[in-house]
Amino acid sequence: MKTIQWYPGHMAKARREIKEKLKMIDVVIELLDARIPLSSRNPIIDELTGEKPRLILLNKADLADEAHTEQWSAYFRSQGAEVIAVNAQTGQGVKKIAPACQKLAHALYKKWESKGMKPRALRAVILGIPNVGKSTLINRLVNKRQAKVGDRPGVTKQQQWIKVGNQLELLDTPGILWPKFDDQQVGMRLAATGAIKDELLDYGDVAAFALRFLAVEYPNKLTNRYEIELPDDLDDIGPVFEEIGRKRGCIIRGGLVDFDKTAELLLRELRSGTVGKITFETPAEESQA
Ligand code: G4P
């Protein structure tokens with residue numbers, strides 16, 4: 001997995017680059033992970049984008065709990081954004097992007113009209129943290145026949161625009177923002193979904209966090225997948241871990257459970273959706289915070 005380690009210098013550079021891109025932009029497309037819509041948000045996105053109209057895409061919707069995705073959509077809409085649940089891998093929801101941008105640019109169209117200007121195509125950029133699916137989405141949207149001037153040797157890479165229908169142009173390079181990794185809980189959620197590098201946090205801790213979360217919030221999915229029973233007391237998740245390891249044959253010499261292997265298996269299956277459609281945070285929880 002390609003993930004950037006962020007240092008203050010990187011953040012300042014990313015911020016500068018995005019500010020530069022935003023000068024050319026009418027609509028901001030913020031890409032979030034539908035499983036962690038808050039934890040996958042950049043902490044300064046509002047400050048960076050200011051009053052620009054915003055389209056929020058809840059990506060990887062195929063992996064998220066549909067009921068929660070609807071709640072999140074309503075939550076962000078109530079804050080004035082347009083929201084679409086998408087799957088950048090299959091393209092589901094992607095056709096709605098251009099019409100949503102047009103809806104958001106209502107005021108801009110009016111302004112052009114009042115000045116007697118002919119409306120031009122809207123200009124948008126995709127912003128998001130690493131691994132949220134920016135490149136996958138851009139690849140979905142790109143018109144393969146379009147010439148890419150910057151790819152020729154000796155030609156300086158210019159900002160390229162990808163035509164999405166007749167009314168929308170998208171910058172071909174997304175704005176890459178850093179996640180809110182200084183909050184422990186956010187860090188765990190980012191790690192559990194695979195958004196941050198496994199080496200950054202203890203693998204076993206992340207698996208234990210994920211297992212406890214599943215046991216509390218999605219007990220049926222957990223018991224069905226691993227054919228286990230859950231104890232009443234979930235404070236000590238060790239025995240559940242051990243049972244999963246045993247059931248799945250993660251055993252080392254002497255018949256002991258191999259915890260590393262069990263942790264790896266659990267996280268792999270969680271991230272790929274094998275355990276089921278899982279969302280780690282809800283708007284209700286957010287308003288209590
Ligand atoms: P980025 O540019 O924002 O950094 O993200 P990128 O497109 O590289 O996507 C990161 C991973 O997420 C990729 O997996 C990609 O296939 C997957 N992905 C993107 N959109 C979706 C989606 O809507 N649903 C699902 N299920 N997966 C999606 P990868 O290439 O296998 O990388 P990795 O698993 O090794 O990290």
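Read the numbers this way: they start at 1 and go in the same order the structure lists the ligands and their atoms. No hydrogens, no waters, no symmetry mates; every other heavy atom, side chains included, goes into these values. We count residues from 1, following the sequence as given.
Using a distance-only test at 3.5 Å, with no hydrogens or angles considered, a donor-acceptor pair links the side chain of Thr279 to the main chain of Asp65.
Classification of Asp62 and Arg35 as a salt-bridged pair fails, no side-chain N sitting under 4.0 Å from a carboxylate O.
Counting heavy atoms closer than 4.0 Å to ligand 1, residue Thr90 contributes nothing at all. Of the heavy atoms in Ala88, both backbone and side-chain atoms come closer than 4.0 Å to ligand 1. Of the heavy atoms in Asp62, only side-chain atoms (C-beta onward) come closer than 4.0 Å to ligand 1.
Ring planes of Phe213 and Phe209: parallel class, angle under 30° (limits at 30 and 60°).
For the pair Gly128 and ligand 1, no heavy-atom separation below 4.0 Å is found.
Atom numbering of ligand 1 starts at 1 in the shown order; those under 4.0 Å from a heavy atom of Asn87 are 22 (C), 23 (O), 24 (N). Residue Asn131 has at least one heavy-atom neighbour below 4.0 Å for each of these atoms of ligand 1: 1 (P), 3 (O), 4 (O), 5 (O), 10 (C), 36 (O). Close contacts of ligand 1 with Leu63, meaning ligand atoms under 4.0 Å from a residue heavy atom, involve 26 (N).
Centroid-to-centroid, the aromatic rings of His10 and Tyr7 come within less than 6.0 Å.
Tested against Asp26 for a salt bridge (Lys or Arg N to Asp or Glu O under 4.0 Å), the candidates Arg120, Arg123, Lys52 yield a single pass: Arg120.
One option in Arg35, Gln89, Lys134 has a heavy atom closer to atom 17 (C) of ligand 1 than any other, and that option is Gln89.
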### Query
Please walk me through it: do Glu47 and Arg15 pass salt bridge (charged side-chain N to carboxylate O under 4.0 Å, His left out)?
CA-CA 11 Å; Glu47 179 202 319; Arg15 189 193 178 112; 2.5 Å; yes

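The N/O atoms of Gly133, backbone and side chain alike, include one that comes under 3.5 Å of an N/O atom in ligand 1. Between Pro130 and ligand 1, no N or O atom pair is found at a separation short of 3.5 Å.
The CD1 atom of Ile237 sits 7.5 Å away from the CG atom of Leu230 when rounded to the nearest 0.5 Å.
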